[in-house]
Amino acid sequence: MKKILVTGGLGYIGSHTVVELYEAGYETVIIDNLVNSRIDALDKLKELTKKDITCYIGDCRDKELLRKIFKENEISGAIHFAGLKAVGESTTIPIDYYDNNIGSTIALLEVMKENNVKRIVFSSSATVYGTSQEVPLKETTSLGATNPYGRTKLFIEYILKDLYKSDNEWEIAILRYFNPVGAHKSGLIGERPNGTPNNLVPYIAEVAAGIRPFLRVWGNDYDTKDGTGVRDYIHVSDLANGHVLAIKQLDKVHGLLIYNLGTGIGYSVLDVVKAFEKASNMKVPYKIFDRRPGDIAVCYADPTKAKEEMGFVASRGIDEMMEDHWRFQKNLYIKK
Ligand code: NAD
Ligand code: WQD
């Protein structure tokens with residue numbers, strides 16, 4: 001059976017997608033350089049899928065390694081997660097972000113082309129909508145990025161569009177994720193941020209676990225129901241399933257497809273705090289701070305296109321997202 005190459009497959013979203021792919025009957029080969037993941041994720045994936053998954057530890061910018069992977073495996077297409085993803089960090093080391101995110105994509109596309117494998121699913125982000133306040137955000141909303149990380153995603157989208165224009169044998173799905181949270185039901189895989197978390201839910205989890213004294217709520221003077229920022233949180237397993245559907249959609253519709261992957265529901269920071277407290281039965285103390293530079297008030301998806309065209313529905317609600325997130329985090333802290 002041909003395999004799907006999953007770059008960054010030991011990371012947060014990649015690992016959940018590997019599980020969903022095996023559940024749907026696909027097989028995978030992983031490449032990951034462990035810059036933001038740990039090798040034990042591979043053992044967990046083997047445990048969850050009961051398969052001996054092939055994984056190459058190395059850099060996706062390394063074309064010789066990619067050639068070796070294509071030589072040693074029959075590859076039908078790639079899902080490209082590998083990349084750096086922290087917005088704040090991207091403003092301090094922009095060259096690393098451009099080099100890694102764009103460099104890995106170019107290397108991958110070149111080696112795919114050499115092997116006449118022309119199917120790719122790319123991890124884009126709602127960040128490509130920039131500061132647009134035209135909610136809910138549709139795939140047709142105008143694009144613009146406000147930081148180096150976002151610009152890498154936007155540039156890669158343009159690279160893929162240009163590639164498709166030059167050769168329409170390519171089959172490309174650009175998936176724009178909203179705010180992934182939660183973890184696999186088993187509690188075996190989840191997100192393990194290095195250092196201080198930037199994202200809301202990982203930070204809340206560390207407050208609930210007593211690792212940090214309180215949550216800093218970035219602003220309560222937005223034009224939202226309680227003044228705090230509103231986002232579209234999506235369970236990582238629902239998001240992972242979106243990749244399986246995208247692969248299936250490319251079987252049916254050969255072309256360049258763009259989908260938002262979100263729930264279409266916005267929750268405020270304080271809604272999330274409340275849901276997390278309920279799920280964990282722990283207190284999450286917080287203090288209000290000034291707005292975080294670059295943040296927008298409200299961001300949520302119009303998920304209609306993904307639903308109508310490929311049957312994508314993010315069915316897990318906020319309570320389940322928080323319960324699953326906490327189950328994984330709690331296991332980590334207990335084992336420490
Ligand atoms: P992650 O950091 O957990 O996973 C990325 C994986 O790629 C890691 O395992 C890392 O070690 C690996 N990697 C990075 N650079 C590599 C390289 N050059 N060669 C090989 N492996 C490399 O991040 P994630 O949250 O799973 O995100 C996956 C993708 O989705 C990223 O492209 C990210 O930009 C995008 N995305 C993430 C979010 C989010 O909030 N998590 C939102 C929108 C888009
Ligand atoms: C959510 C809300 C904060 C932390 C980022 C990237 C985006 C995408 C997803 C990759 C906001 C508030 C947060 C905290 C807080 N990633 N907050 N205190 O900013 O929507 O999106 O991650 O593509 O590109 O920008 O997510 O989780 O950081 O913030 O009050 O300690 O929580 O102000 O309203 P964001 P987030």
Side-chain angles (χ1 to χ4, degrees), residues 6-17 30-39 41 56-62 65-66 79-88 90 96-97 99-105 107-108 122-130 145-147 149-150 152-153 156 175-181 189-194 196-204 206-207 212 214-220 222 224 228-234 236 239-240 243 261-262 266-270 272-273 286-300:
V6 183
T7 76
L10 297 185
Y12 177 43
I13 306 169
S15 59
H16 288 80
T17 301
I30 295 172
I31 174 173
D32 201 302
N33 67 359
L34 301 179
V35 68
N36 197 35
S37 51
R38 297 164 203 224
I39 193 63
Y56 294 80
I57 300 302
D59 201 294
C60 199
R61 286 164 290 185
D62 179 351
L65 176 60
L66 290 174
I79 307 184
H80 183 37
F81 293 102
L84 302 175
K85 64 163 181 176
V87 172
S90 80
D96 297 46
Y97 272 69
D99 182 23
N100 196 345
N101 294 4
I102 296 179
S104 65
T105 307
L108 178 65
F122 172 61
S123 300
S124 190
S125 166
T127 196
V128 299
Y129 296 117
T146 56
N147 56 70
Y149 165 72
T152 67
K153 292 290 167 190
I156 295 166
L175 304 180
R176 295 180 182 151
Y177 315 156
F178 281 69
N179 292 56
V181 296
I189 53 171
E191 187 170 23
R192 299 186 68 168
N194 282 332
T196 310
N198 298 303
N199 291 120
L200 178 65
V201 177
Y203 200 100
I204 288 180
E206 295 203 354
V207 174
R212 303 190 187 275
F214 55 84
L215 170 72
R216 291 166 297 174
V217 174
W218 304 124
N220 68 348
Y222 288 109
T224 60
T228 65
V230 167
R231 296 292 182 273
D232 185 339
Y233 299 92
I234 176 169
V236 66
L239 183 64
H243 295 72
L261 294 184
Y267 287 104
S268 74
V269 175
L270 296 183
V272 175
V273 169
Y286 65 84
K287 292 184 186 172
I288 307 294
F289 283 66
D290 286 344
R291 293 178 180 196
R292 185 170 66 176
D295 270 357
I296 50 177
V298 179
C299 173
Y300 59 92

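Ligands are counted one by one from 1 in listed order, and the atoms in each one are counted from 1 as well.
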Ion pair present between R192 and E206, side-chain N to carboxylate O less than 4.0 angstrom?
no
If you measure from each heavy atom of S124 to ligand 1, is any distance below 4.0 Å?
yes
Heavy atoms only: which of W218, F178, Y267 lies closest to atom 14 (C) of ligand 2?
W218
Tell me, please, whether Y300 has R231 positioned over its six-membered ring: NZ or CZ under 6.0 Å from the ring centre and within 45 degrees of its axis?
no
Purely on distance, is any nitrogen or oxygen of A82 under 3.5 Å from one on ligand 1?
no
I'd like to check whether D59 has a polar contact with ligand 1, where a contact means an N/O of the residue lying under 3.5 Å from an N/O of the ligand.
yes
Where ligand 1 meets G58 - atom numbers and elements under 4.0 angstrom, heavy-atom basis:
19 (N), 20 (C)
Which of the atoms of ligand 1 are close to S37, meaning less than 4.0 Å from one of its heavy atoms?
8 (C), 9 (O), 11 (O)
My understanding is that we take every heavy atom of each candidate and find the minimum distance to atom 36 (N) of ligand 1. Doing that for Y149, F178, Y12, Y97, which one comes out nearest?
Y149
Taking the six-membered ring for Trp, are H243 and F122 closer than 6.0 Å centroid to centroid?
no
With respect to atom 18 (N) of ligand 1, which of N100, I156, T152, T105 exhibits the smallest heavy-atom separation?
N100
Backbone or side-chain N or O of F81 under 3.5 Å from ligand 1 N or O:
yes
Judged by heavy atoms only, the candidate from V181, L10, D32 nearest atom 9 (O) of ligand 1 is D32
Ligand 2 and V201, any nitrogen or oxygen pair closer than 3.5 angstrom?
no
Is there at least one pair of N or O atoms, one from R292 and one from ligand 2, spaced under 3.5 Å apart?
yes
I want to know if ligand 1 touches N199 in the polar sense, i.e. an N/O pair below 3.5 angstrom.
no
Looking only at N/O atoms, are I13 and ligand 1 under 3.5 Å apart anywhere?
yes
Distance-only side-chain donor-acceptor flag, N179 / D232, under 3.5 Å:
no
Contact atoms of ligand 1, heavy-atom distance to S123 under 4.0 Å
29 (C), 30 (O), 32 (O), 35 (C)
Just let me know how K153 lines up against ligand 1, side chain, backbone, both or neither, with a heavy-atom cut-off below 4.0 Å.
side chain
Taking 4.0 angstrom as the limit and counting only heavy atoms of L34, give me the atoms of ligand 1 inside it, by number and element.
11 (O)
Nearest heavy atom to atom 20 (C) of ligand 1: which of N33, L261, I30 does it belong to?
N33
Ligand 1 to G11 polar contact by distance, N or O atoms, under 3.5 Å
yes
Distance under 4.0 Å to a non-hydrogen atom of G8: what atoms of ligand 1 satisfy this?
6 (C), 7 (O), 12 (C)
With only distance considered, is H80 within less than 3.5 Å of ligand 1 through an N or O on each side?
no
Which atoms of ligand 1 sit under 4.0 Å from any heavy atom of N36?
1 (P), 2 (O), 3 (O), 10 (C), 11 (O)
For ligand 1, which atoms sit closer than 4.0 Å to a heavy atom of V35?
10 (C), 11 (O), 13 (N), 14 (C), 15 (N)
Taking the non-hydrogen atoms of T7, is any one of them nearer than 4.0 angstrom to ligand 1?
no
